[in-house]
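Below is one structure, written out as structure tokens; the observations come after it.
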Amino acid sequence: MKLDSDLRFKILEKVGIYSARFSISEPKILFTTKEVLDMPKEVTEGRRTSAYKYLGVSYIQDNVVFINVRKMPDEKILENTIVHELIHMRFPYLSHGRKFNKLVRRGLAGWTFKPYTKRH
């Protein structure tokens with residue numbers, strides 16, 4: 001997909017809606033690999049120069065998400081990726097797997113999630 005101001009706005013709008021549903025603060029969104037490389041190294045550490053390979057990357061500690069717009073084939077995959085990355089933000093203890101994918105599907109279906117609280 002081609003990144004223009006309309007698409008940028010649409011993505012930020014979706015991020016705002018899903019962030020509210022998932023009870024998380026809205027992350028800073030990076031749209032290009034250049035923006036990833038322009039971030040401080042300590043923020044993007046581990047997924048800096050390899051970010052271009054992925055549809056999206058969550059930098060959970062710093063509340064930053066990279067949405068690789070250039071790699072998106074269509075709006076459905078874009079929305080899927082937004083929800084996928086925001087699920088990482090809401091459930092930082094979960095890695096990819098069946099439970100994670102179930103939460104992504106629920107997120108796409110309009111579910112809301114209570115704020116994250118650490119168990120004692």
Sequence neighbours excluded and cut-off under 3.5 Å, please list the side-chain donor-acceptor pairs for residues 26-38, or say none.
{"residue": "T32", "atom": "OG1", "partner": "E35", "partner atom": "N", "Å": "3.1"}
{"residue": "K34", "atom": "NZ", "partner": "D38", "partner atom": "OD2", "Å": "2.8"}
{"residue": "E35", "atom": "OE1", "partner": "F31", "partner atom": "N", "Å": "2.8"}

Just how far is it from atom NZ of K53 to atom NZ of K71, taken to the nearest 0.5 Å? 10.0 Å
Do Y59 and V15 belong together in a cluster built from hydrophobic side chains that touch within less than 4.5 Å? no
Same cluster or not: F100 versus I24, using hydrophobic residues (I, L, V, M, F, W, Y) connected whenever any side-chain heavy atoms lie under 4.5 Å apart? yes
Ring centre gap for F66 and Y54 strictly below 6.0 Å: no
Aromatic rings F113 and W111: how do their planes relate, parallel, tilted or perpendicular, breaks at 30° and 60°? tilted
Is there side-chain contact between R70 and L3, with heavy atoms separated by less than 4.5 Å? no
Find out if a path of hydrophobic residues (ILVMFWY) with successive side-chain heavy-atom gaps under 4.5 Å connects L55 to L78. yes
Please name the pair of heavy atoms, one in V65 and one in S58, separated by the smallest distance, quoted to 0.1 Å. CG2-OG, 4.2 Å
Please find the pair of heavy atoms, one from G107 and one from R21, that lie closest to each other, and give the distance. O-NH1, 4.0 Å
Among Ile, Leu, Val, Met, Phe, Trp and Tyr joined by side-chain contacts under 4.5 Å, find the other residues sharing a cluster with I17 and list them by chain and number. none
Interatomic distance, E85 atom CD to I87 atom CD1 [nearest 0.5 angstrom]: 10.5 Å
Do K10 and K14 have side chains that get closer than 4.5 Å, going by heavy atoms? yes
Could you please spell out the steps behind the side chain to side chain contact (heavy atoms under 4.5 Å, CB included) verdict for I60 and M89? CA-CA 6 Å; I60 297 172; M89 302 309 248; 3.8 Å; yes
Side chains of L108 and Y18: closer than 4.5 Å at any heavy-atom pair? yes
Pairwise distance CD1(I67) to OG1(T81) - rounded to 0.5 angstrom: 6.5 Å
Between H84 and H96, how do the two ring planes meet: parallel, tilted or perpendicular, split at 30° and 60°? tilted
Heavy-atom check, side chain of S23 versus side chain of T112, under 4.5 Å: no
Membership question, hydrophobic clusters at under 4.5 Å side-chain separation (ILVMFWY): are F22 and I11 in the same one? yes
For the atom pair NE2 (H88) and CG (L86), what is the distance rounded to the nearest 0.5 Å? 10.0 Å
Would you confirm whether R90, through its side chain, and K114, through its main-chain N or O, come within 3.5 Å as a donor-acceptor pair? yes
Are V57 and V69 in one and the same hydrophobic cluster, where Ile, Leu, Val, Met, Phe, Trp and Tyr link if side-chain heavy atoms are under 4.5 Å apart? no
So, does R48 use its side chain to make a donor-acceptor pair with the main chain of M39 at under 3.5 Å? yes
Looking only at heavy atoms, what is the nearest atom pair of N63 and S25, with distance? ND2-OG, 3.1 Å
Distance in Å, E13 CD paired with L7 CG, rounded so as to fall on 0.5 Å steps: 11.5 Å
More than 12 non-hydrogen atoms from neighbouring residues, nucleotides or ligands closer than 6.0 Å to OH on Y93, yes or no? yes
